[in-house]
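Values reported hereafter were calculated over all heavy atoms of this structure, with side chains retained and with hydrogens, waters and symmetry mates removed. Throughout, numbering of the chain's residues begins at 1 and tracks the sequence. Just follow the structure's listing: the first ligand is 1, and inside any ligand the first atom is 1.
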Amino acid sequence: MLGGPFSRLTHISFIVHWRCMRQLFLSTPCVVLVAVSAAFQVSFSPAALSTSYCQSMSESAPEVSPPSCTRDAKKHCVPCEGGLPALSIERVQAVLPSLPLWRLSKDHKRLSRSFTAKNFAAALAFIDAVGAVAECEGHHPDLHLTSYREVEVVLYTHAVGGLTENDLIMAALIDTVPASYSPKWLKEHPEAGKSAAR
Ligand SMILES: C[C@H](O)[C@H](O)[C@H]1CNC2=NC(N)=NC(=O)C2=N1
C-alpha cells in the first residue's frame, strides 16, 4: 500500500469539474480516464467522461459528405404547389426502364427503392446524402431505415397525392448517390452494381 503523500492521493476522491479540465479530458481517451479513476480512486464527473468518450468516438466517426447541390444535373425539381397534375401511368411506365432500381406501387402513386446496406454507418451515410439532394431540390422522399441496415426510399408528391416530374427527377438524382451494399444483397441484385455503388 502506498504510504506518505501517495496514501493521501490514493484516498483523495475529488469530483473534477469538467469545465476547468475540459481540454485534458478532450485529449484523453475515455479508457485512460477510467484507469486513472480506478488507480487513484479519483472520480470524474460524468460530463467529463462522456465528453471524452464522445470526442474520441467522433474522431473515428465516418466522414459525412457535406450537402452538395447537384446544380449540374440536367433537370431540377420545381416548387410543387397544389394543382400540379399527377403523371399519367403511360408517362411513368415510359420512364421506368431508365430507373431499374425503382418499383411502382400498385396504385401507381409512389416510386420506391429498397436495399440492404453493408452496415448501419453505410445506411446512415446514404440517407444523409439523399437528404442533402432533397434539400437542394426542395423535394423530399420518405426515408426508412429498419433492422439497422434495411433502407427504403419512397417518392411521391404530397401536394398532389401522386407522382409528378419532380419524383422522376429525384429518382434519377438519388441513383447517382453512392451506396455501400451488403455483398449478399448485391449478389442477388446485380442491376444495383451498375448504379453508383461504393
Ligand atoms: C414549396 C415546396 O415546394 C413544398 O413545400 C415541397 C417541399 N417538399 C416536398 N416533397 C414532396 N415529396 N412533396 C411535396 O409536395 C413537397 N412540397
Side-chain angles (χ1 to χ4, degrees), residues 54 58 61-198:
C54 293
S58 65
E63 277 301 305
V64 175
S65 51
S68 56
C69 282
T70 53
R71 301 323 290 174
D72 57 349
K74 297 184 185 63
K75 289 187 175 179
H76 292 285
C77 296
V78 296
C80 27
E81 308 301 348
L84 273 177
L87 292 179
S88 67
I89 176 66
E90 292 73 24
R91 168 65 180 148
V92 175
Q93 286 178 335
V95 175
L96 271 185
S98 66
L99 298 169
L101 303 180
W102 295 82
R103 296 287 168 268
L104 181 60
S105 61
K106 286 191 174 63
D107 63 4
H108 306 144
K109 292 183 177 178
R110 281 163 174 67
L111 280 175
S112 65
R113 177 183 160 190
S114 304
F115 66 87
T116 303
K118 189 173 154 189
N119 52 39
F120 184 69
L124 273 184
F126 178 82
I127 284 176
D128 183 68
V130 169
V133 173
E135 281 295 275
C136 281
E137 294 298 326
H139 197 72
H140 305 85
D142 292 351
L143 297 167
H144 304 273
L145 170 49
T146 52
S147 304
Y148 84 89
R149 61 177 183 159
E150 298 297 332
V151 177
E152 184 185 32
V153 183
V154 182
L155 281 166
Y156 68 102
T157 300
H158 304 265
V160 166
L163 291 171
T164 64
E165 288 294 337
N166 281 351
D167 299 302
L168 302 181
I169 292 168
M170 276 298 292
L173 287 174
I174 290 169
D175 283 352
T176 66
V177 174
S180 297
Y181 299 111
S182 136
K184 179 173 178 297
W185 184 89
L186 188 56
K187 205 170 174 184
E188 296 160 356
H189 302 81
E191 70 281 6
K194 304 179 185 71
S195 75
R198 266 193 297 204

Do ligand 1 and [X] have nitrogen or oxygen atoms that lie under 3.5 Å from each other?
X: His140; answer: yes
X: Gly138; answer: yes
X: Asp167; answer: no

Sub-4.5 Å side-chain heavy-atom contact between Leu186 and Thr116: no
Identity of the nearest option to atom 11 (C) of ligand 1, non-hydrogen atoms only, from His158, Glu137, Glu135: His158
Polar contact flag, side-chain donor to acceptor under 3.5 angstrom, Glu135-His140: yes
Modelled atom types, side-chain donor and acceptor of Asp167 and Thr157, under 3.5 Å: yes
Ring-ring centroid check Tyr181 Phe115, cutoff 6.0 Å: yes
